[in-house]
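For reference, the structure is listed below as structure tokens.
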Amino acid sequence: MMTYRIAVVVGSLRRESFNRQLALALPRLAPQGMEFVPVRIDDLPLYNQDDDARQAEPVRRLKSEISGAQGVLFVTPEYNRSIPGVLKNAIDHASRPYGQSAWAGKPAAVIGVSVGAIGTAIAQQHLRNVLAYLDMPTLGQPEMFIQNKPGLFAADGSIGADDTKKFLQKFVERFAEFVRQHADAAAAR
Ligand code: FNR
């Protein structure tokens, strides 16, 4: 059975990040044949176009991890009704130099958890805009706007609430199918 590698990009660097907890809980709900690989973005320099011709080692590492994956999962908080700067910084780095973007054609999904009632909805819309420009086909449904409430995560790091677990399971199953379809279509070309 083929294994599909999913690069997981978390938009928060916070030690106790709810989004990182979500990113670590999701693989437990995934069907077989999916490997979720967290990618590091906290050691990237601030993007500077002057450096395009000699990208720093962490940038080259990020690009190689994205290139080696069959899909990308973005798990991000909402900061001031948009995506966090650290996430945009990582996206910009791996999109350059012009014509050598690591993101192009990679199937993606977006999800996020916030303390606010709209559960990162606006950040996700902003992110979808960026991903469309980067030519990343992005899973449309189910949308996943999660508000952090007590009991969302169980003590062992899994998803605690049964109804949320059911929604999340559907989300990862749909994403797995989406990635498979794109990988199969790419292999047939
Ligand atoms: C926030 N937070 C927030 N929440 C939200 O729902 N909409 C928003 O626009 C913002 N804006 C915002 C800006 C900044 C700079 C911070 C630090 C926080 C609150 C946010 O949801 C909360 O801090 C989450 O816990 C962040 O996610 P992690 O770090 O737990 O993954």
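Atoms within a ligand are numbered from 1 in the order they appear, just like the ligands themselves.
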Can you tell me the protein heavy atom closest to atom 17 (C) of ligand 1 and the distance? Y79 CE1, 3.8 Å
G116 heavy atoms, cut-off 4.0 Å: which ligand 1 atoms fall inside? 6 (O)
Considering only protein heavy atoms, which is closest to atom 9 (O) of ligand 1, and at what distance to one decimal place? R81 N, 2.8 Å
Does this structure show an ion pair linking D51 with R96, if we count only N-O contacts that are shorter than 4.0 Å? no
Please report whether atom 23 (O) of ligand 1 has a protein non-hydrogen atom at a separation of less than 4.0 Å. no
So which bit of E78 gets within less than 4.0 Å of ligand 1, heavy atoms only: side chain, backbone, both or neither? both
Interatomic distance, M34 atom CE to L29 atom CG [nearest 0.5 angstrom]: 12.5 Å
Is it possible for you to say whether F175 and F167 belong to one hydrophobic cluster, with membership spreading through side-chain heavy-atom contacts below 4.5 Å? yes
Nearest neighbour in protein (non-hydrogen) for atom 30 (O) of ligand 1: R14 NH2, 2.7 Å
Do W103 and V179 sit in the same hydrophobic cluster, where Ile, Leu, Val, Met, Phe, Trp and Tyr count as joined when their side-chain heavy atoms come under 4.5 Å apart? no
for atom 26 (C) of ligand 1, nearest protein heavy atom and its distance come out as P77 CB, 3.7 Å
To check your reading of the model: name the closest protein heavy atom to atom 25 (O) of ligand 1, its residue, and the distance in Å. F18 CD1, 3.4 Å
So between A121, S114, S12, G119, whose heavy atom ends up nearest atom 29 (O) of ligand 1? S12
Quick check: closest heavy atoms across I83 and A123, and the distance to 0.1 Å? CG2-O, 3.4 Å
Go through the side-chain N and O atoms of N80 and S82 and say whether any donor and acceptor fall under 3.5 Å apart. no
Counting heavy atoms only, which of N19, V115, L13, N80 comes nearest to atom 20 (C) of ligand 1? V115
Quick check for you: to the nearest 0.5 Å, what is the distance between L87 atom CG and T76 atom OG1? 5.0 Å
